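Notes follow once the structure below has been shown.
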Protein chains: 2
Amino acid sequence: MSINCRNCPLRTLQVFRSMSADEVKFMQEFKRGELSVDAGSTILMEGSNSPQLFTALKGVGLRYKNMPDGQRQVVNFVLPGDFVGLQAGLMGEMQHSVEATTQMTLCVFSRNELWDIFRHQPERAFDLTWLAALEEHFLGETLAVVGRKNGEQRIAWGLLKYYCRMDALGLANNGQVQFPYRQQDLADALGLSLVHTNKTLKRLRERQVVRWDSGILRVSNLRLLAECADVDDYSVMERPLI
Amino acid sequence: MSINCRNCPLRTLQVFRSMSADEVKFMQEFKRGELSVDAGSTILMEGSNSPQLFTALKGVGLRYKNMPDGQRQVVNFVLPGDFVGLQAGLMGEMQHSVEATTQMTLCVFSRNELWDIFRHQPERAFDLTWLAALEEHFLGETLAVVGRKNGEQRIAWGLLKYYCRMDALGLANNGQVQFPYRQQDLADALGLSLVHTNKTLKRLRERQVVRWDSGILRVSNLRLLAECADVDDYSVMERPLI
DNA sequence: CGGAATGTTGAGCTGCTTCAATCGTCGTGG
DNA sequence: CCACGACGATTGAAGCAGCTCAACATTCCG
């Protein structure tokens, strides 16, 4: 049974800009259905031209690019509320793949109707652009981190960022969030080798900064983690939900 | 004297999607004027809330972020046809600074009227979103390069990308384009140190892959450069112009 | 002429990589 | 119930790509 947008559990969270009743109604019509996929499934493939766009509702995933030499770059982690497939929707072709790390449920929209949004719902179109700009912002920050920080700072930053996003979604409990990725995924996200990632995690664990095992990330002192990452602002920006 | 959009020299280039007469007319109305700045001027400042948006017409610049520890990450190079200020326009605050490297001329738009685009010109709003998605794509690619490639590949990639973009703008002559940046700028764009950048450039020069001196970048064998960068597709995507 | 900015080069060091081996966990099939 | 293989985490060792430091060259401009 598909959720009605009116009852969408994400909509009412603080991180998401509130929607008018009209907007909710429109989204409901725009929504084609729901997709549920198992852990490990590929949702969108680099180079493909998907007829569908999605908003993640439940579960987490990864966006990544494959390099010509076989390496992989994780572009970011996909969390509930994230919109995926915009590139295919606009430019006709995905520039990265999206894969489910846990079981995921996603809202499905039809690419053909994307255009309707621009014609009939300028507010929603504005929000879509906002999301694209937000993604751009996030990637710019990531680029700066990967380009300019050392291993420990990168890892601290990656975990901090993830924790804060999860927290904003109400998915943090007592300093703990689900973090069901492999060390390889984190390494690929931060431009580090697996071995170095492992050793750096160990050091952070020993210094009681973060603990990450069996899929759980534990942060007792957020400020300390932020210090290790050398960031001063780790607030989560309010944003629209599509 | 300000250029009329109808006579805009960029509009008719292959890289830019052609516009209908109506669109041109609307852009002309949307356009507030032109801004001309000297080399070295800051056009938009990180954290600021600019009332204006711009499209670069002439000259080149840089987008960059400042890090808490004083380092700098160049996010990308700004070339004619690039739209700058979208983040401020949507999210209310720039996440990076934009600075002119040479003298630049920019089309000026008013942020207040951005909303009008969404209401009255859905096609143009669509294009705006497209541009944001394109930027996201580019940053994703950059992230992958900086995160996963070695110094030589990064530099070859950076120069290749720049050359191709300039070429698409009709600004390449016989394998030569203007490249009026400092080595430090390239280093900051690719996450390398100045010294290593310098030495790698020397090696590429000696191997006759690229020559870059006195502000001119010379590429005699594009394929060879692409090989050094380990990329197989270096075509420039057609895109909208705002 | 002097000073600032940029480019060039050498030397030495280290953060990170690669290689390689081991361990624990878990699901599967005999 | 146990053996086996697959996968991920962990650890040690060795090497090097790229960093920092430092000096010097070149160009340009007031």
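Just so it is clear, the model here is predicted, and its values are computed rather than measured. Letters A, B, ... are given to chains in the order of the sequence lines, protein chains preceding strands, and every chain is numbered from 1.
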Quick tally for nucleotides 16-30 of chain D: nucleotides whose base has a protein heavy atom under 4.0 Å get B, sugar-phosphate-only ones S, the rest -, giving --BSBB---------
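- Scored by the side chain to side chain contact (heavy atoms under 4.5 Å, CB included) test, B/V145 finds B/K149, B/R154, B/W157 as partners (sequence neighbours excluded).
- Within the 4.0 Å cut-off from OP1 or OP2 of D/dT10, not a single side-chain nitrogen or oxygen of A/K202 is found.
- Judged as a ring pair (Phe, Tyr, Trp, His ring centres under 6.0 Å), the pairs with a partner in residues 203-226 of chain B (not counting sequence neighbours) are, in order, B/F179-B/W212.
- Counting only residues at least two apart or on different chains, the side chain to side chain donor-acceptor pair (under 3.5 Å) pairs with a member in residues 39-54 of chain B are B/N49-B/R111.
- Taking the side chain to side chain contact (heavy atoms under 4.5 Å, CB included) definition, one finds that B/E152 meets it with B/N150, B/T200, B/R203, B/L204, B/R207, B/C228, sequence neighbours left out.
- Scanning for side chain to side chain donor-acceptor pair (under 3.5 Å) contacts around A/H196 gives an empty result, with sequence neighbours left out.
- Taking the side chain to side chain contact (heavy atoms under 4.5 Å, CB included) definition, one finds that A/L13 meets it with A/L10, A/V15, A/F16, A/L169, sequence neighbours left out.
- Among residues two or more places apart in sequence or in another chain, the side chain to side chain contact (heavy atoms under 4.5 Å, CB included) test is passed with B/V75 by B/R63, B/K65, B/L139.
- First and last contacts of DNA chain C with chain B, using any nucleotide atom under 4.0 Å from a protein heavy atom and ordered 5' to 3', fall at C/dT6 to C/dA11.
- Screening residues 164-184 of chain B for salt bridge (Lys or Arg N to Asp or Glu O under 4.0 Å), with sequence neighbours left out, gives B/D82-B/R165, B/R182-B/D185.
- The rotation axes computed at either terminus of the helix from C/dC1-D/dG30 to C/dG30-D/dC1 lie 30° apart, taking five pairs at each end and rounding to 10 degrees.
- B/E227 and B/N221 form no side-chain donor-acceptor contact under 3.5 Å, judged by distance and modelled atom types alone.
- Taking atom CG of residue A/D185 and atom P of nucleotide D/dG8, one finds them 9 Å apart after rounding to whole Å.
- Partners of A/D38 under the side chain to side chain donor-acceptor pair (under 3.5 Å) rule, at least two apart in sequence or in another chain, do not exist in this structure.
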